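Each remark here refers to the structure printed beneath this line.
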Amino acid sequence: MGTAGLLISSIRCLNSSASDDKSSKFQPPPKPVIVDKTQSTTSQRRFVSPEFIMRRGRTNPLKFIMERKDMIQRRKLLNIPEFYVGSILAVTMAEPGDNSKANRFVGICTQRSGQGLGANFVLRNIIDGQGVEICYDMYSPRIHQIEVLKMEKRLDDNLMYLRDARPEYSTFDLNMKPVPNSAGSEVPVNLLKVKMKPKPWSKRWERPQFNVQGIRFDLCLTEEQMEKAKKFDKPWLKYDMQREYDTSKIKESIERELQKELS
């Protein structure tokens, strides 16, 4: 009985020492969870492509409803990303008559126009010293891919004046790599103002009707020429309430429809 009691006590001592070793062994603390409190769910941007917005006075006609269904079906097959005038894009498009051959063009988006299936955008680039512009139909079945290489906006909603600007403002590498952009953040605005070639220009960009902000007029026009251009101003238009078009409710309804169809 004495020997058995000694064995049991020794086993208990060994078990207690083993448990003490386990408890004394170093255990690393759990990894901290970093929460970015500067970002909120309410700060996420909402974007509705402008070709979905109807013209003024058109209260959801049947033609537009049918076109919108075709546009949604096309977007299920082709990823049309968010982009703006001033963004740098790369478009891969099939050649006419041969869908197996495709060409890729890189350029800055200088214009977006049209509604519905007639929406289009223009890309511009300088290739071998020659300005090249291509107008793409947004929902053309020949388009294979639309890539956003650099997401940004400019001071103006139309950059067709780049035709009369120095070529360095329209020159982009055809092998340009995409510039990453954080999801949910605000789209950066490029405050660049271009320098123009000597006159004549394709249009009188200094006149108030164009409301151009992205040109250095002080380097290419005299004070007398700028004063002469102000004679064509129409200051009474800002008091014309019929020119304003509130599209907030239209955007909300179209956004709900797109989320339902494309989700």
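This is a predicted model, so every value here is computed, not measured. Atoms considered below: every heavy atom in the structure, side chains included; atoms not considered: hydrogens, waters and symmetry mates.
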Query - Heavy atoms of other groups near D157 CG, more than 12 under 6.0 Å - result: no

Query raised in the report: Hey, any chance V48 and L117 share a hydrophobic cluster, counting ILVMFWY side chains that come within less than 4.5 Å of each other, even indirectly?
Result: yes

Query raised in the report: When hydrophobic residues are tied together by side-chain contacts of less than 4.5 Å, even through go-betweens, does L155 share a cluster with Y161?
Result: no

Query raised in the report: Which pairs with one or both residues in residues 93-114 pass ring-ring contact (aromatic ring centres under 6.0 Å, His included), sequence neighbours excluded?
Result: none

Report task. Give the minimum heavy-atom separation between F64 and F52, together with the two atoms involved. Result -> CZ-O, 3.0 Å

**Report entry** Check: L192 main-chain N/O paired with N190 side-chain donor or acceptor under 3.5 Å
**Finding:** yes

Query raised in the report: Taking all non-hydrogen atoms of both residues, which atom of L162 and which atom of S170 are closest, and how far apart?
Result: CB-OG, 3.6 Å

Report task. Answer whether the closest heavy-atom distance between the side chains of L221 and K199 falls below 4.5 Å. Result -> yes

**Report entry** Nearest-0.5 Å distance that lies between atom CG in L258 and atom NZ in K251
**Finding:** 12.5 Å

Query raised in the report: How close do V194 and A165 get, heavy atom to heavy atom, and via which atoms?
Result: CG2-CB, 4.0 Å

**Report entry** Heavy-atom donor-acceptor pair, D156 side chain to G214 backbone, under 3.5 Å
**Finding:** yes

Query raised in the report: Side chain of N125, backbone of F172: donor and acceptor closer than 3.5 Å?
Result: yes

Report task. Measure across G107 and L123 and return the closest heavy-atom pair with its distance rounded to 0.1 Å. Result -> O-CD2, 3.9 Å

Query raised in the report: With Y139, which residues qualify under ring pair (Phe, Tyr, Trp, His ring centres under 6.0 Å), at least two apart?
Result: none

Query raised in the report: Do P178 and V148 come close enough that some side-chain heavy atom pair is under 4.5 Å?
Result: no

Query - Worked check of side chain to side chain contact (heavy atoms under 4.5 Å, CB included) between I72 and E257 - result: CA-CA 10 Å; I72 292 174; E257 183 179 354; 3.9 Å; yes

**Report entry** Candidate list V91, V85, I134, test side-chain contact (heavy atoms from CB on, under 4.5 Å), partner F121, passing option
**Finding:** V91

Query raised in the report: Going hydrophobic residue to hydrophobic residue with side-chain gaps under 4.5 angstrom, can you get from W201 over to V122?
Result: no

Report summary line: CG of D164 to OG of S202, rounded to nearest 0.5 Å, is 3.5 Å

Report task. Count the heavy atoms of every other residue, nucleotide or ligand shown that sit under 6.0 Å from NZ of K76, and state whether that count exceeds 12. Result -> yes

Query - Of E133, K197, K203, the residue whose pairing with R163 passes side-chain contact (heavy atoms from CB on, under 4.5 Å) - result: E133

Requested in this report: Could you pull out the closest heavy-atom pair between F83 and C109, with the gap in Å?
Outcome: CE1-SG, 4.0 Å

Query raised in the report: When rounded to the nearest 0.5 angstrom, what distance separates CZ in R75 from CE in M138?
Result: 7.0 Å

Requested in this report: Heavy atoms only: give me the nearest P208-A229 pair and the separation to one decimal.
Outcome: CD-O, 3.2 Å

Query - Close side-chain approach of V187 to E82, heavy-atom, < 4.5 Å - result: yes

Query raised in the report: Counting N and O atoms only, with roles assigned by atom type, does the side chain of R142 sit under 3.5 Å from a partner on the main chain of A94, one being a donor and the other an acceptor?
Result: yes

Report task. Answer yes or no: are there more than 12 heavy-atom neighbours, outside Q130 itself, under 6.0 Å from its atom CD? Result -> no

Requested in this report: Answer yes or no: is there a donor N or O on one side and an acceptor on the other, between the side chain of S87 and the main chain of Y84, under 3.5 Å?
Outcome: yes

**Report entry** Full working for side chain to side chain contact (heavy atoms under 4.5 Å, CB included) between E51 and R112
**Finding:** CA-CA 9 Å; E51 70 269 11; R112 288 190 68 167; 3.1 Å; yes

Query raised in the report: Are I80 and I254 co-members of a hydrophobic cluster defined by side-chain heavy atoms under 4.5 Å apart?
Result: yes

Query raised in the report: Do the side chains of S49 and M71 get nearer than 4.5 Å, heavy atoms only?
Result: no

**Report entry** Spacing of F232 atom CZ and E206 atom CD [to the nearest 0.5 Å]
**Finding:** 9.0 Å

Report task. Could you walk me through whether R256 and K260 pass the side chain to side chain contact (heavy atoms under 4.5 Å, CB included) test, one step at a time? Result -> CA-CA 6 Å; R256 289 194 296 267; K260 179 180 178 181; over 6 Å; no

**Report entry** Candidates E152, K150, R154 - the one meeting side-chain contact (heavy atoms from CB on, under 4.5 Å) with I108
**Finding:** R154

Query raised in the report: Any side-chain heavy atom of I146 within less than 4.5 Å of one from N79?
Result: no

Report task. Report, as yes or no, whether the 6.0 Å neighbourhood of atom CE on M226 holds more than 12 heavy atoms from other residues, nucleotides or ligands. Result -> yes

Query - From L77 atom CG to H144 atom NE2, the distance as rounded to the nearest 0.5 Å - result: 12.0 Å

Report task. Hey, could you give me the CG/CG distance between N181 and L149, rounded to the nearest 0.5 Å? Result -> 12.5 Å

Query - Inter- and intrachain pairs under side-chain hydrogen bond (donor to acceptor under 3.5 Å, both in side chains), touching residues 102-111, at least two apart - result: R104-E147, Q111-N158

**Report entry** hydrophobic_cluster_shared for M196 and M160, side chain cutoff 4.5 Å
**Finding:** yes

Query - Backbone N/O of K101 and side chain of E95: donor-acceptor pair under 3.5 Å - result: no

Requested in this report: Check the surroundings of atom NZ in K177: do more than 12 heavy atoms from other residues, nucleotides or ligands lie under 6.0 Å from it?
Outcome: no

Report task. Take E227 and K230, measure what salt bridge (charged side-chain N to carboxylate O under 4.0 Å, His left out) needs, and give me the verdict at the end. Result -> CA-CA 5 Å; E227 288 295 329; K230 290 180 181 179; 3.6 Å; yes

Query raised in the report: Should D173 and V106 be marked as a side chain to side chain contact (heavy atoms under 4.5 Å, CB included) after you check the CA-CA gap, both sets of side-chain angles, and the distance that decides it?
Result: CA-CA 8 Å; D173 187 7; V106 175; over 6 Å; no

